[in-house]
*Asks:* 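Before anything else, here's the structure in question.
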Amino acid sequence: MKLEKLNDLYKQIATLTQGEYITGSGNVDAKILLVGEAPGAKEIELKEPFVGQAGKNLNEFLEILQIKREDLFITNVVKIRPHKTNEKTGRKINRPPTQEEVRLFSNILKEEINIISPKIIVTLGNTPLKSVMANNKLTIGAVHGQILEKDDLLIFPLYHPASIIYNQNLKETYLDDLNKLKKIINIDVFL
Ligand code: URA
């Protein structure tokens, strides 16, 4: 049922965008829905979220939480790879998604959340936090590691794992937040 609904929903993506895109992936009955920002090159190539460098960070995330990838459903706010072209090399480089790109996919994300109906949504970084909460004023620096609520759903904002690579000072905070999340998902309601 959920799978059929998702597949129907994902057919809409092709009409929204001309280029290559990826969909969400994982266990449709998962209690935890992980929402990232947008795919990079590797994700587009393999048509799977979080399989490039960011996927390595995700594995660390799963290890700390002591859960398996099969226990999650994983998606991104933006389903295409936001990129620009390096003038010198001609190669594509990632860039953050624009507001229009986020808006283009916001209904798809809302529907994905409805279909999966998880117990908790873990947002990674600012883009999914703002989009899932439908509030552009929220910042990850202010609300990371706190339980938020939106339409009867629990939202747990984490820094994006990639930001830890660029800012090692965040690592300790990120690990503290992950340990908080671990406690939350180990309470009865999640078993
Ligand atoms: N970063 C994201 O936010 N999502 C991916 O799928 C890969 C990297």
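Heads up: numbering here begins at 1 and tracks the sequence. Note that ligands are numbered from 1 as they come in the structure, with each ligand's atoms numbered from 1 the same way. Only heavy atoms go into these numbers, but all of them, side chains included; no hydrogens, no water, no symmetry mates.
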*Asks:* Please determine if K79 and E112 form a salt bridge, counting it only when a charged side-chain N lies under 4.0 Å from a carboxylate O.
*Replies:* yes

*Asks:* Check this for me: K42, atom NZ, are more than 12 non-hydrogen atoms of other residues, nucleotides or ligands nearer than 6.0 Å?
*Replies:* no

*Asks:* Linking Ile, Leu, Val, Met, Phe, Trp and Tyr through side-chain heavy atoms less than 4.5 Å apart, which residues share a cluster with I93?
*Replies:* none

*Asks:* For ligand 1, give me the residues whose heavy-atom distance to it is below 4.0 Å, by chain and number please.
*Replies:* G36, E37, A38, P39, E43, P49, F50, A54, N76, H160

*Asks:* Who pairs with K182 by salt bridge (charged side-chain N to carboxylate O under 4.0 Å, His left out), at least two apart in sequence or on another chain?
*Replies:* none

*Asks:* Taking D71 first and then K68, would you say they form a salt bridge - that is, a charged N and a carboxylate O separated by under 4.0 Å?
*Replies:* no

*Asks:* Once ring-ring contact (aromatic ring centres under 6.0 Å, His included) is applied, do any residues pair with F105, and if so which ones, sequence neighbours excluded?
*Replies:* none

